[in-house]
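The block underneath contains the structure these notes are about, expressed in structure tokens.
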Amino acid sequence: MKKIVKYIFPALSCVAIAFSVATFNKVKASNSAAAISTQPVDLTYAAEKALPSVVHIKYVQNSKVQTIDVQADPFDFFDPFGGFFGRGQGGTQKRQVQTPKRTATGSGVIISADGYIVTNNHVVDGADELTVTLENNKEYSARIIGADKNTDLALIKIDGKGLPAITIANSDDIKVGEWVLAVGNPLGLNNTVTAGIVSAKARSLGANGVESFIQTDAAINKGNSGGALVNTKGELIGINAMLYSETGSYAGYGFAIPTTIMNKVVEDLKQYGTVQRAVIGIQGGNVKDYVDAEKEKGNEVDLGTMEGIYVAKVIEDGAAADAGIEKGDVIIEVDGQKVTKMAELQEHIAKKRPGDKITITYLHNKKKQSKNVVLKNEQGNVKVVKNADLDVLGGNFREITDAQKQQLGISYGLEVVKVNNGRLKDAGVSPRFIIQRVNDETIKTLDDLQKIVKSASVSKDPVLYIQGIYPTGKKAYFAVPLQD
């Protein structure tokens with residue numbers, strides 16, 4: 001479970017209360033008050049419905065050998081790796097270390113009878129093995145279908161049939177004050193249910209790239225990550241993701257990713273392997289935050305409203321720029337739906353794909369205007385963005401040998417064995433070139449290169465900046481575009 005640590009220093013005030021009791025007057029309850037049930041909410045049905053759909057996930061990252069830079073001891077004259085020129089001068093040395101095997105646990109929610117499970121990205125990120133255990137203690141190996149760091153969601157799959165899939169509700173329909181259950185596997189206590197209410201909606205914490213959390217006071221602890229937040233019908237309304245705490249354990253509030261965001265991410269991961277993220281092309285924040293910041297500087301600001309999203313910057317060639325939205329405008333509605341803060345706007349846009357049209361209502365010089373906007377992707381177009389594979393490079397690779405390491409005085413790299421038609425050939429990369437760094441990341445294995453190619457292919461700047469060395473010792477640098 002991710003945690004948001006916040007230190008709060010309460011201000012205490014002493015209040016003297018004097019009272020006297022003379023008589024008790026009978027007061028007739030109003031008809032509306034009498035209509036309110038005094039019976040407690042029965043959550044047993046919701047628990048029975050949700051528990052079979054929530055699974056335990058065991059994460060394993062195997063031990064690996066890694067090469068790291070360590071500070072050399074300037075007085076270690078007997079260190080064969082120090083070299084003559086390093087003696088008495090410090091510097092760094094290359095050392096190989098064995099990383100320990102890592103295990104962790106989390107939760108997930110079965111969303112289809114054929115084995116699709118939603119969890120958090122941080123529950124599965126970097127895993128070599130994933131084991132899913134159902135409520136009936138049946139175990140399955142799971143594979144990752146796709147993951148999205150920006151929303152902290154991941155989709156995994158087990159091979160099963162007739163699995164107890166949860167019913168998914170529309171999180172837009174929930175209300176503040178509504179009773180909810182958090183279901184998961186906290187602190188090693190499997191199949192745990194805690195109850196609370198929806199404390200707030202569209203909460204932003206600055207932890208993810210896209211967020212509009214449901215806040216709840218149902219107890220959430222480590223291990224609840226990826227578990228279910230359900231309504232009184234046992235229907236899924238959110239995926240538990242974070243807790244708010246000074247200690248790392250439950251201290252009042254947890255946060256769940258709403259199903260409105262989850263549904264879109266799941267559909268994209270199934271269909272495309274990556275999220276088709278639409279962007280409006282602005283930078284900004286809540287109007288109130290902007291006005292308060294300006295007041296602290298001694299500036300008086302009148303935007304015509306204290307609710308909405310202040311546009312601090314319009315991205316060139318973005319969707320908002322195309323529609324004529326300018327810096328200083330205030331967005332107040334999207335598709336006729338009122339938006340009072342950035343998290344609400346993010347949640348609405350997160351449901352869309354590049355190429356979708358929306359209507360934005362905003363204040364320009366305090367005058368209300370509406371424009372139709374065609375959303376774009378982060379690369380500034382409306383094309384489908386897919387994770388690129390190594391095939392796009394048009395090359396064959398292998399890890400360098402010990403002899404190459406010794407000859408060139410290097411400790412890692414991937415040799416380009418063959419160059420076919422593809423991005424490497426277009427950029428002028430030739431066989432025998434050794435790739436050592438790509439986009440400032442160290443490249444030691446094919447997996448390292450594959451991860452960076454996938455990540456760069458869906459980024460705002462789909463380019464590989466490759467650094468390396470030829471067998472002659474000559475160093476070289478290449479920029480390899482992944483798109484035309």
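Since the model is a prediction, treat every value here as computed from it, not as a measurement.
With Asp152 contributing its side chain and Asn120 its backbone, the two residues share no donor-acceptor pair below 3.5 Å. Counting only distance, with no hydrogens or angles, the side chain of Asp128 and the backbone of Asn62 share a donor-acceptor pair below 3.5 Å. Without hydrogens or angle criteria, Asp217 side chain to Ile197 main chain gives a donor-acceptor distance under 3.5 Å. With hydrogens and angles disregarded, no donor-acceptor distance shorter than 3.5 Å links the side chain of Glu235 to the backbone of Thr167. Proximity of a side-chain donor or acceptor of Ser225 to a complementary backbone N or O of Gly106 within less than 3.5 Å is not detected. Of the possible polar contacts, one joining the Asn439 side chain to the Val463 backbone as a donor-acceptor pair under 3.5 Å is found. Lys157 places a side-chain N or O within donor-acceptor distance of the main-chain N or O of Asp114, the cut-off being under 3.5 Å. Judged purely by atom type and a 3.5 angstrom limit, Asn185 has no side-chain atom pairing as donor or acceptor with the backbone of Leu189. Panel note: side chain Thr151, backbone Val265; no donor-acceptor pair is recorded below 3.5 Å. For Asn286 (side chain) and Asp289 (main-chain N/O), no donor-acceptor pair under 3.5 Å exists by modelled atom type.
Sorted by first and then second residue, the pairs that involve residues 445-464 and meet side chain to side chain donor-acceptor pair (under 3.5 Å), not counting sequence neighbours, are Thr445-Asp448, Asp461-Tyr465. Screening residues 187-207 for side chain to side chain donor-acceptor pair (under 3.5 Å) gives Arg203-Gln215, Ser204-Glu211 as the qualifying pairs, with residues at least two apart or on separate chains. Applying the salt bridge (charged side-chain N to carboxylate O under 4.0 Å, His left out) test to pairs two or more places apart or on separate chains, those with a residue in residues 336-349 are Glu307-Lys338.
One finds no salt bridge joining Asp268 and Arg277 here, because no Lys/Arg side-chain nitrogen approaches an Asp/Glu carboxylate oxygen to under 4.0 Å. A salt bridge links Arg353 to Glu267: at least one charged side-chain nitrogen sits closer than 4.0 Å to a carboxylate oxygen.
Tyr310 meets the ring-ring contact (aromatic ring centres under 6.0 Å, His included) test with Tyr290; sequence neighbours excluded. Residues forming a side-chain hydrogen bond (donor to acceptor under 3.5 Å, both in side chains) with Gln379 (at least two apart in sequence, or on another chain): Gln483. Not counting sequence neighbours, Phe397 has no partner by the ring-ring contact (aromatic ring centres under 6.0 Å, His included) test. Residues passing the salt bridge (charged side-chain N to carboxylate O under 4.0 Å, His left out) test with Arg437: none are found, sequence neighbours excluded. Considering only residues two or more places apart in sequence or on other chains, Asp391 meets the salt bridge (charged side-chain N to carboxylate O under 4.0 Å, His left out) condition with none of them. By the ring-ring contact (aromatic ring centres under 6.0 Å, His included) test, Tyr116 pairs with no residue at all, sequence neighbours left out.
Within the 4.5 Å cutoff, the side chain of Tyr412 has heavy atoms near those of the Gln436 side chain. Asp440 has its side chain within reach of Gln467: a pair of non-hydrogen atoms, C-beta onward, lies under 4.5 Å apart. Side-chain atoms of Thr274 and Gln276, non-hydrogen and from C-beta on, do get closer than 4.5 Å to each other. Between Val311 and Ile331 there is a side-chain heavy-atom pair separated by less than 4.5 Å. By the 4.5 Å heavy-atom criterion applied to side chains, Gln404 and Thr401 are counted as neighbours. In this structure, Val373 and Lys357 have side chains that are not in contact, with every pair of non-hydrogen atoms separated by 4.5 Å or more. In this structure, Arg102 and Tyr59 have side chains that are in contact, with non-hydrogen atoms separated by less than 4.5 Å. Contact check for Thr119 versus Val109: no side-chain heavy atoms found under the 4.5 Å cut-off.
The residue from Val416, Ile443, Val480, Leu449 that alone fulfils the side-chain contact (heavy atoms from CB on, under 4.5 Å) condition with Ile466 is Val480.
Here the straight-line distance linking atom CD1 of Ile257 with atom OG of Ser171 works out to 11.0 Å at 0.5 Å rounding.
Thr259 approaches Gly238 most closely through the heavy-atom pair CG2-N, 3.7 Å.
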Under 3.5 Å, which donor-acceptor pairs do the side chains of residues 134-146 form with other protein atoms, sequence neighbours left out?
residue	atom	partner	partner atom	Å
Asn136	OD1	Lys138	N	3.1
Arg143	NH1	Asp159	OD1	3.4

With a 3.5 Å cut-off and sequence neighbours excluded, list the donor-acceptor pairs that the side chains of residues 172-179 form with protein atoms.
residue	atom	partner	partner atom	Å
Asp172	OD2	Lys351	NZ	3.0
Glu178	OE1	Lys175	N	3.0

Compile the donor-acceptor pairs under 3.5 Å between side chains in residues 49-58 and protein atoms, sequence neighbours left out, one pair per line.
residue	atom	partner	partner atom	Å
Ser53	OG	Pro164	O	2.6
Ser53	OG	Ile166	N	3.4

Could you walk me through whether Lys376 and Asp322 satisfy the salt bridge (Lys or Arg N to Asp or Glu O under 4.0 Å) test, starting with their C-alpha distance in whole Å, then the side-chain angles of each, then the deciding distance to 0.1 Å, before giving a yes or no?
CA-CA 10 Å; Lys376 297 183 178 182; Asp322 290 349; 2.8 Å; yes
For a side-chain contact (heavy atoms from CB on, under 4.5 Å) check, start with the C-alpha distance between Val334 and Thr359, then their side-chain angles and the critical distance, and finish with the verdict.
CA-CA 6 Å; Val334 179; Thr359 300; over 6 Å; no
Can you list the steps and then say if Ile400 with Ile410 is a side-chain contact (heavy atoms from CB on, under 4.5 Å)?
CA-CA 10 Å; Ile400 60 173; Ile410 58 179; 3.7 Å; yes
